[in-house]
J.: 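Below you'll find the structure I mean.
Every heavy atom of this structure was used, including side-chain atoms; hydrogens, water molecules and symmetry mates were not.
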Amino acid sequence: MIASLQPTRSNETMEQTEVAVSSAILRGVSLYSYQNETFQGKMSLEDCIRTSAALGAKGIEIIGEQTFWGWPECGVAQEDVDNWHRLIAKYDCTPVSHDFMLDYKRYKGREMPFDEQVASVKNDIDFGARLGMKFIRALVSIDPAVLVAAADYAQEKGIKILIEVHAPLHFDHPWIIRHAEAFEKSGSDALGFLPDMGMFLFKFPPVWKEKFMRIGVPKAIADYIEKAYEDRVLSEYVILNVAQMGGTGPAIAMAETLRHNAAFEPKRMLDYMPRIHNIHGKFYQMDEDYVEPSIPYDEIVRVLKQGNYQGYICSEYEGNRWIEDAQEPDSVEQVRRQQVMLARLLGESVEPSLNTTVAA
Amino acid sequence: MIASLQPTRSNETMEQTEVAVSSAILRGVSLYSYQNETFQGKMSLEDCIRTSAALGAKGIEIIGEQTFWGWPECGVAQEDVDNWHRLIAKYDCTPVSHDFMLDYKRYKGREMPFDEQVASVKNDIDFGARLGMKFIRALVSIDPAVLVAAADYAQEKGIKILIEVHAPLHFDHPWIIRHAEAFEKSGSDALGFLPDMGMFLFKFPPVWKEKFMRIGVPKAIADYIEKAYEDRVLSEYVILNVAQMGGTGPAIAMAETLRHNAAFEPKRMLDYMPRIHNIHGKFYQMDEDYVEPSIPYDEIVRVLKQGNYQGYICSEYEGNRWIEDAQEPDSVEQVRRQQVMLARLLGESVEPSLNTTVAA
Amino acid sequence: MMDNKMIVEGSLQREDGGFSFLGRLPYYRGLGLSMIEDIIVSVDGEAIPREAIRFCVRGRTYTLDKMETVYDNRWNFGEKARIIALNGGLPAGNHAITFAVRMRVSYLPFVPTTKDTKQLAMAA
Amino acid sequence: MMDNKMIVEGSLQREDGGFSFLGRLPYYRGLGLSMIEDIIVSVDGEAIPREAIRFCVRGRTYTLDKMETVYDNRWNFGEKARIIALNGGLPAGNHAITFAVRMRVSYLPFVPTTKDTKQLAMAA
Ligand SMILES: [Mn+2]
Ligand SMILES: [Mn+2]
């Protein structure tokens, strides 16, 4: 078995490494975070980049086809790419990742052929390179053989392809291990992982609970599920108990979300550090006291430091979809709070703040 | 965080340990394996012990209330306990574990009170001690606080209480980590784990597939599920795909078994070695060539050696329930084959064989 | 498990006011009687009322209601209990007996029911 | 997500032989048109037949059947498409418009449908 699949190095070894190499975890934002505003045209690309930069989050990640209209079917004009570089330079930012979506179900009733899938990935590699990205993000549903077939091309273009490891998957899930084995067998350094911190959910997110109650889950059942999650009860028990409590549709759906977190140990990233190059700082809710109540960022940052992680943590606000039925999300304020939390955890001396208004 | 919850020591360290301390993994049998015969009165306790001993599997594990009629409600007469010790001595065996079942749902409509649960565990500690056992096996559904409350009593009696870690749980599951944390916090060495190797299922067991086909799963769907398991596809996809293939009741049930294996890395035992004192050598089917087609015993033994495991691997045959509708299980032949496999993997020079007939 | 071994072959016999057969618990262990939630018997497709069923082990006989609070006796692993149905009697010849047990298992979040059906002969 | 932003407020207008409104894809990205499996429109509780619906972006208009094989155009993130219903027209006043989209998302094993309903006014 190959090096990065071995059990983790000891703490002792880790600490020695930390002394030898200076650790520098960087802050960034995935513009996914501002989707509620950009969807409605309330924030422009420049607003997104300026806001992130003002918070000291200089790494910019995008979902290519969210930020650039036309991609991939209609292509993107060079002037739009030029504008991107102009904005990145203006705000002293760094392009981090183009998150792509391989639409292998493009043709109704038949899956896209293998070679066309590889060509599609190469197209996204080209686009990532045009944008000056270091990484392109792949979804985990993609056949690892497709990524392996595109790895040399990525290497030539200076791009790494990163599989997003996202709940309900985790680093011990057989499907992820299959990817890891394929990556090791390929011998390529152009293949890696992008863990989404949502997989380390250690409490039931309050915004999930409130949404489930709005769509009809009785409070007693919602309280029970929240408590059962905290007590780490096996999901199958919780689902059956909820049914016995008289829970129907939305209550069962709420209980079934527990199936999505079968493992939540941040330390499991340590085995894979050599292939982890970017991190999604997923969050559902940042409270006024700069705490994400359901994702253990203190422990996450501790583990990343231990593993000598040198890349970005990009804010990825996903509370929007859980609250939008009841209130307009304030994505910028949510991102600001997470950036304050991250800066503190990273030991930065200056607190991030917004000195300019969001819309220019 | 405490020692045994730390990331694994490096391989280098492990190998040094192996040189320093002689590794001796021992072979045993859980009499659960012979349940089809003992249920029908075709094998006596002496038959079970003599057969196991003849195979060189000198460690004997029992489910107390399977082997001893009366336990726990009616107690067990001293002459039955004396008979047990006589048989153990006669066949030069070693009592390993009394697997107990805390029936906390004894009273209809209300759960057994905490103190009564603790008293019940102490009763099983006493019984385990009477039988000369080193361990009693607890089910994972038991509240860890109950076990912590009984730990000192177990210590006095020379007994360790071992939680059975069994699929769908695994060593990274939050519920197991909760137990591990409670054990560490207790500071007691009398609490530990008994991993059941069924959690490392890496292929869909042929006897499961055949049973599902007998109860009506079309071959095309059964083939798809078997292949999807081998390809390690996320269970949710498989379940939905089976529904789209027209699968109903038994086909959905077959697909849902995939939910039970969200992680199957034997190496994850390494983190917990100081608390692992017994192993269930679960198997569903031993082929004529001494291979369990769905559980990777070569990898398992490699990991246990690496972790310097010094306890027993007790055969636990569970194929019986998957074939009994179509044929009479031959538990002794199945156990014999597994013991041959284990002896080979452990590097023993003499092949286990049965020189006597089973029923005396 | 043991589903097809629940009813003991050749065990059908007459009782005062009914009939009986030998039944085993479909489980790899025994259970305290309080955890037997129900025993369901039917003969030739006709269900026997719960009140007309008796459970007998080692010389002690219980109604199903009574069993629910019996904490000092067990139905052991593989033990043949006599299941009595007070249905007024059964004529000689073959009868289809269906026997089901619903048991409350502490570690299961649901209450499983397991069933066996066999043709048994009543002697003339 | 974006469910309640699918129908653009104040966008109801007359068309030759029917009416139209502006609709957005309920998604955090866009989609190639071949992946739009269906667009369902009803007005005041009455469903518009699929054949009577047209989809128009950036000056190009498609039937829903045609869209299924369109590989060179997209419905972009947040883009306002004109959804045309050829129902013969709509009187002035308020109307309850329901708009649903069924989309084939490669990474999902099922095909989700998302729906929005709003009261829109047709000018006199
Ligand atoms: Mn993400
Ligand atoms: Mn076991």
J.: When you look at CD of A:Glu79, are more than 12 heavy atoms from neighbouring residues, nucleotides or ligands closer to it than 6.0 Å?
T.: no
J.: Any side-chain heavy atom of D:Lys5 sitting closer than 4.5 Å to one from A:Asn36?
T.: yes
J.: Measuring from A:Arg106:CZ to D:Thr69:OG1, what's the distance to the nearest 0.5 Å?
T.: 13.0 Å
J.: Does any heavy atom of chain D fall under 4.5 Å from the side chain of A:Thr67, the backbone, both, or neither of them?
T.: neither
J.: Answer yes or no: does atom CG of D:Asp44 have more than 12 heavy-atom neighbours from other residues, nucleotides or ligands under 6.0 Å?
T.: yes
J.: Using a cut-off of under 4.5 Å for heavy-atom pairs, which of D:Met35, D:Met1, D:Arg29 has the most such pairs with chain A?
T.: D:Arg29
J.: Restricting to non-hydrogen atoms, name the atom on A:Lys105 and the atom on D:Ser106 that form the minimum distance, rounded to 0.1 Å.
T.: N-OG, 3.0 Å
J.: Under 4.5 Å from any heavy atom of chain A, what part of D:Val105 do you find: side chain, backbone, both or neither?
T.: backbone
J.: Would one find more than 12 heavy atoms of other residues, nucleotides or ligands at under 6.0 Å from atom NZ of A:Lys108?
T.: yes
J.: Go through the atoms of D:Ile36 and report whether side chain, backbone, both or neither lie under 4.5 Å from a heavy atom of chain A.
T.: neither
J.: Looking at CD of A:Glu73 and CG of D:Asn76, how far apart are the two atoms once the value is rounded to the nearest 0.5 Å?
T.: 9.0 Å
J.: Among A:Asp103, A:Leu139, A:Ile142, which residue meets the side chain to side chain contact (heavy atoms under 4.5 Å, CB included) test with D:Tyr107?
T.: A:Leu139
J.: With a 4.5 angstrom heavy-atom cut-off, is it the side chain or the backbone of D:Asn73 that approaches chain A, or both, or neither?
T.: both
J.: Quick check on the interface: out of D:Met2, D:Glu37, D:Lys80, D:Glu68, who has the most heavy-atom pairs with chain A under 4.5 Å?
T.: D:Met2
J.: In terms of heavy-atom proximity below 4.5 Å to chain A, should D:Leu25 be classed as side chain, backbone, both, or neither?
T.: backbone
J.: With only heavy atoms counted, which part of A:Gln40 is less than 4.5 Å from chain D, the side chain, the backbone, both or neither?
T.: both
J.: For A:Gln78, does the CD atom have more than 12 heavy-atom neighbours from other residues, nucleotides or ligands under 6.0 Å away?
T.: yes
J.: Is A:Tyr107 in contact with chain D via its backbone, its side chain, both, or neither, using a 4.5 Å heavy-atom distance?
T.: both
J.: Which of residues 315-326 of chain A have a heavy atom under 4.5 Å from any heavy atom of chain D?
T.: A:Arg321, A:Glu324, A:Asp325
J.: Would you check if A:Pro72 and D:Arg74 make a side-chain contact, meaning some heavy-atom pair closer than 4.5 Å?
T.: yes
J.: Name the region of A:Leu102, side chain, backbone, both or neither, that has any atom closer than 4.5 Å to a heavy atom of chain D.
T.: backbone
J.: Measure D:Arg104 against the heavy atoms of chain A and call it side chain, backbone, both or neither at under 4.5 Å.
T.: side chain
J.: Is D:Pro26 close to chain A through its backbone or its side chain, or both, or neither, when contacts mean heavy atoms under 4.5 Å?
T.: neither
J.: Work out which heavy atom in A:Met101 is nearest to a heavy atom in D:Tyr27; give both atom names and the distance.
T.: CE-OH, 4.3 Å
J.: Could you tell me if the ring centre of D:Tyr28 sits under 6.0 Å from that of A:Phe39?
T.: no
